[in-house]
Amino acid sequence: MREDTGNNFMSLQFAAKSENEAFARIAVAAFISRLDPTMDELSDLKTVVSEAVTNSIIHGYDSDPSGVVTIKVGIEADMITLVVEDKGRGIEDMELAKQPLYTSKPELERSGMGFTIMENFMDEFEAVSEPGRGTSVRMKKRIESKKALYN
């Protein structure tokens, strides 16, 4: 997915198991570390990775570990592009799903803030879904560190 994510990129896939959410956060953080992000920038990125991966596992695959979550990260100068995808059940009503406090799994005591958090922590946010075919969340964030400005 090089053409969509930047001139330096990585892609990883893993089983839709909740224990892999921490792995995803650490892998993305390690990849973007060359830009020397601030602690706040790093925290924001790790949070959105957690939210997107958790949504794929819980909502996309109904916690079925046979599903696969894909993460793609690209770096172009000081801009990070992050894509999290699943081939799960998809979202019937994206506008409803984006509403703060909405959750399709109230029995799991979910907060319904995943999309809201992703949208607020990133500079750009887009979620596309097709019922029965999965969901793709694409986000961008500019890293403001001095190191990023000189790369």
Side-chain angles (χ1 to χ4, degrees), residues 1-61 63-91 94-95 97-100 102-103 110-151:
M1 179 169 225
R2 180 177 177 186
E3 67 280 355
D4 290 332
T5 56
N7 67 10
N8 189 11
F9 63 95
M10 70 106 176
S11 179
L12 62 100
Q13 293 184 317
F14 50 89
K17 295 182 177 190
S18 59
E19 60 259 35
N20 288 335
E21 179 253 329
F23 161 70
R25 272 195 337 258
I26 292 166
V28 170
F31 183 72
I32 62 135
S33 66
R34 68 177 272 282
L35 295 179
D36 195 23
T38 66
M39 290 304 291
D40 285 342
E41 290 169 333
L42 192 58
S43 178
D44 288 354
L45 283 161
K46 289 167 74 175
T47 298
V48 300
V49 169
S50 292
E51 292 293 336
V53 168
T54 298
N55 278 354
S56 289
I57 293 167
I58 291 175
H59 300 288
Y61 291 119
S63 299
D64 177 359
S66 68
V68 175
V69 178
T70 301
I71 295 181
K72 299 172 186 175
V73 185
I75 298 171
E76 184 72 46
D78 62 348
M79 182 66 73
I80 295 169
T81 301
L82 172 66
V83 180
V84 179
E85 298 175 322
D86 66 65
K87 302 293 184 203
R89 67 182 203 167
I91 299 170
M94 183 59 75
E95 291 310 308
K98 287 182 179 179
Q99 296 299 312
Y102 172 79
T103 180
R110 308 299 303 169
S111 71
M113 295 297 290
F115 282 144
T116 302
I117 290 168
M118 287 182 252
E119 191 166 18
N120 285 317
F121 283 16
M122 301 299 279
D123 297 326
E124 294 179 31
F125 170 83
E126 178 186 27
V128 177
S129 189
E130 188 176 335
R133 300 199 65 183
T135 302
S136 176
V137 178
R138 181 182 180 86
M139 301 168 278
K140 290 188 174 191
K141 185 166 186 75
R142 187 168 309 282
I143 299 299
E144 300 296 333
S145 72
K146 289 179 186 174
K147 190 173 185 180
L149 296 175
Y150 296 109
N151 283 335

**OP:** Mind checking side chain to side chain contact (heavy atoms under 4.5 Å, CB included) for R142 and listing every partner two or more places apart, or none if nothing turns up?
**Re:** D78, M79, D123, E144

Subject >> Listed partners of F31 passing ring-ring contact (aromatic ring centres under 6.0 Å, His included), at least two apart >> reply: none

Subject >> All side chain to side chain contact (heavy atoms under 4.5 Å, CB included) counterparts of S43, not counting sequence neighbours >> reply: T47

Original post:
Which of these passes side-chain contact (heavy atoms from CB on, under 4.5 Å) with M139: E124, E119, M118?
Top reply: M118

**OP:** Write down the atom of S56, the atom of D86, and the distance for their closest heavy-atom approach.
**Re:** OG-OD2, 3.0 Å

Subject >> Partner set under salt bridge (charged side-chain N to carboxylate O under 4.0 Å, His left out) for K141, not counting sequence neighbours >> reply: D44

Subject >> Residues D40 and T38: side-chain donor-acceptor under 3.5 angstrom >> reply: no

Original post:
With sequence neighbours excluded, what pairs up with E126 under the side chain to side chain contact (heavy atoms under 4.5 Å, CB included) test?
Top reply: V128, R138

Original post:
With a 4.5 Å heavy-atom cut-off, do F14 and V53 have their side chains touching?
Top reply: yes

Original post:
Considering all heavy atoms of both residues, which atom of L42 and which atom of A29 are nearest to each other, and what is their separation?
Top reply: CD1-CB, 3.7 Å

Subject >> Result of checking V84, T54, N55 against V69 for side-chain contact (heavy atoms from CB on, under 4.5 Å) >> reply: V84

**OP:** Using atom types as modelled and distance alone, determine if a side-chain donor or acceptor of Y61 lies under 3.5 Å from a backbone N or O of V68.
**Re:** yes

Original post:
Which distance, rounded to the nearest 0.5 Å, do you find between the CD1 of I71 and the CE of M10?
Top reply: 6.5 Å

**OP:** For E19, enumerate each residue passing the side chain to side chain contact (heavy atoms under 4.5 Å, CB included) test, keeping only those at least two apart in sequence or located in another chain.
**Re:** K17

Original post:
With E21, which residues qualify under salt bridge (charged side-chain N to carboxylate O under 4.0 Å, His left out), at least two apart?
Top reply: R25

Original post:
Who are the side chain to side chain donor-acceptor pair (under 3.5 Å) partners of N120, not counting sequence neighbours?
Top reply: none

Original post:
Does S136 offer a backbone N or O that forms a donor-acceptor pair with the side chain of E85 under 3.5 Å?
Top reply: no

Original post:
Taking all non-hydrogen atoms of both residues, which atom of T135 and which atom of G90 are closest, and how far apart?
Top reply: OG1-CA, 3.8 Å

Subject >> Any R34 side-chain heavy atom under 4.5 Å of I75 side chain >> reply: yes

Original post:
Under the side chain to side chain contact (heavy atoms under 4.5 Å, CB included) criterion, do I80 and L45 qualify, and how do the steps go?
Top reply: CA-CA 10 Å; I80 295 169; L45 283 161; 3.7 Å; yes

**OP:** Any chance you could measure I117, atom CD1, to F125, atom CZ, to the nearest 0.5 Å?
**Re:** 11.0 Å

**OP:** Considering non-hydrogen atoms only, spot the tightest contact between A15 and P65 and give its length.
**Re:** CB-O, 3.7 Å

**OP:** Could you go through the side chain to side chain contact (heavy atoms under 4.5 Å, CB included) check for V137 and E51 one step at a time?
**Re:** CA-CA 11 Å; V137 178; E51 292 293 336; over 6 Å; no

Original post:
Is any side-chain heavy atom of V28 closer than 4.5 Å to a side-chain heavy atom of L12?
Top reply: no

